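Report on the structure given below.
Keep in mind it's a predicted model, so treat the numbers as computed, not measured.
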Amino acid sequence: MKKITITIDGWSSCGKSTLAKQLARELHYVYIDSGAMYRAITLYFLRHHVDWTIPAAVDEALTHIKLEFVTNHKSGQTEMWLNGENVEYVIRDLVIAEKVSEVAAVKAVRDYAVAKQQEMGKKKGIVMDGRDIGTVVFPHAELKIFMTADEKVRVQRRFKELYEKNPNITLEEVKQNLSHRDYIDSHREISPLRQAEDALVLDNSHLSIKQQLEIAEGWVKQRMQ
């Protein structure tokens, strides 16, 4: 059967990864979490005290970074590995979330990550989510989805996710973090978050994952005809 490339872009905490994972599973496609790549790079920078405002320091650091997606055979999910270490859960921390948009705005970092992503997608049959996947990474993807959701809903979702790991976190902290990331993601010079002209919009404010899948699978069928 013909395989296509599916991109899912959108704002933080609007359900991109959840839909991407489920859709990839239903289609027997490979799921690639582009955000995890930027988070892993951010983790490396923080651990090694790399100043990402200094181009030479960034270039040097990137030569020491090896990113891999490894399948967890128990869960069936792909997980982010950084230089041989499983960092899937470490990179979800708020400390990383507070800095990842700044790191992802650095041109050398984006060039590095985009090249890796394009290499992964050469064979098609992938679902990749992020901020610039349909506009920059795969501008000719057969199906582009742009996800959005009400800000209050996004804040609540993100708070619930982070509270399980850190009960001391506050709703206000999460709201400020999301607002900060939204601003940087949409205003950065390199590959800002924006809706591709040929993207289909999915408002996920009040949809169940089942409803999201039904909509997305309908779009997939249309694109594969």
Checklist entry - Are there more than 12 heavy atoms of other residues, nucleotides or ligands under 6.0 Å from atom NZ of K116? => result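 Not more than 12 within 6.0 Å, no.
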Next on the checklist: Tell me if the NZ atom of K123 is crowded by more than 12 foreign heavy atoms within 6.0 Å.
Outcome noted: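 Open: at most 12 neighbouring heavy atoms sit under 6.0 Å from NZ of K123.
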Is it true that [Y] and [X] share a donor-acceptor pair across their side chains at a distance under 3.5 Å?
X    : Y   : result
D129 : S17 : yes
R110 : Y38 : yes
Y44  : N83 : no

Checklist entry - Looking at R154 and D150, does any basic side-chain N land under 4.0 Å from a carboxylate oxygen? => result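 Salt bridge between R154 and D150, a charged N being under 4.0 Å from a carboxylate O: no.
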Checklist entry - Are K107 and E189 close enough for a salt bridge, meaning some N to O gap below 4.0 Å? => result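 E189 and K107: not salt-bridged.
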Item to check | Qualifying side chain to side chain donor-acceptor pair (under 3.5 Å) pairs, either residue in residues 85-100, two or more places apart | outcome: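 For residues 85-100: D33-R92, R47-E85, E79-N86, E88-R92.
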Item to check | Pair listing, side chain to side chain donor-acceptor pair (under 3.5 Å) test, anchored in residues 4-14, at least two apart | outcome: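 Checked against side chain to side chain donor-acceptor pair (under 3.5 Å) - neighbours excluded - the pairs reaching residues 4-14 are S12-R131.
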Item to check | From CA spacing to verdict: side chain to side chain contact (heavy atoms under 4.5 Å, CB included), V220, I6 | outcome: CA-CA 8 Å; V220 170; I6 301 170; 3.8 Å; yes
Taking [Y]'s backbone N and O only, do any of them form a donor-acceptor pair with [X]'s side chain (distance below 3.5 Å, no angle check)?
X    : Y    : result
R39  : I91  : yes
N204 : C14  : yes
E173 : T170 : yes
Y163 : N168 : no
Y29  : I4   : yes

Checklist entry - Are V109 and I65 linked, directly or through other ILVMFWY residues, by side chains that come within less than 4.5 angstrom of each other? => result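 Cluster IDs for V109 and I65 match.
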Checklist entry - Same hydrophobic cluster for V127 and I209, using side-chain heavy-atom links shorter than 4.5 Å among ILVMFWY? => result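 Same cluster.
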Compile the donor-acceptor pairs under 3.5 Å between side chains in residues 191-200 and protein atoms, sequence neighbours left out, one pair per line.
unit_1 : atom_1 : unit_2 : atom_2 : d
S191   : OG     : D132   : OD2    : 3.4
D198   : OD1    : K144   : NZ     : 3.1
D198   : OD2    : K144   : NZ     : 3.4

Next on the checklist: With side chain to side chain contact (heavy atoms under 4.5 Å, CB included) as the criterion, how do K175 and K152 come out once you've worked through the C-alpha distance, each side chain's angles and the decisive distance to 0.1 Å?
Outcome noted: CA-CA 8 Å; K175 183 178 179 180; K152 290 182 180 179; over 6 Å; no
Item to check | Evaluation steps, side chain to side chain donor-acceptor pair (under 3.5 Å), between S101 and D185 | outcome: CA-CA 6 Å; S101 289; D185 289 343; 3.1 Å; yes
Next on the checklist: If the condition is side-chain hydrogen bond (donor to acceptor under 3.5 Å, both in side chains), which residues does T63 pass it with, not counting sequence neighbours?
Outcome noted: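 None.
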Checklist entry - In chain order, what residues pass the side-chain hydrogen bond (donor to acceptor under 3.5 Å, both in side chains) check against H64, with sequence neighbours excluded? => result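 H64: side-chain hydrogen bond (donor to acceptor under 3.5 Å, both in side chains) contacts with E60.
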Checklist entry - By salt bridge (charged side-chain N to carboxylate O under 4.0 Å, His left out), which residues pair with E26, not counting sequence neighbours? => result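 For E26, no residue satisfies salt bridge (charged side-chain N to carboxylate O under 4.0 Å, His left out) once neighbours in sequence are set aside.
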If you round to the nearest 0.5 Å, how far is [atom2] of [Y] from [atom1] of [X]?
X    : Y    : atom1 : atom2 : result
Y112 : M37  : OH    : CE    : 7.0 Å
I8   : L23  : CD1   : CG    : 5.5 Å
L143 : K221 : CG    : NZ    : 13.5 Å

Next on the checklist: Please determine whether side chain to side chain contact (heavy atoms under 4.5 Å, CB included) holds for the pair I41 and L67, giving the CA-CA distance in whole Å, both sets of side-chain angles, and the decisive distance to 0.1 Å.
Outcome noted: CA-CA 9 Å; I41 293 170; L67 302 178; 4.1 Å; yes
Item to check | Whether H187 and Y183 hold their rings parallel, tilted or perpendicular, with breakpoints at 30° and 60° | outcome: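 Parallel, since the angle between the ring planes stays under 30°.
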Checklist entry - Between L162 and V174, does a side chain to side chain contact (heavy atoms under 4.5 Å, CB included) hold up when you go through it step by step? => result CA-CA 9 Å; L162 290 173; V174 174; 4.2 Å; yes
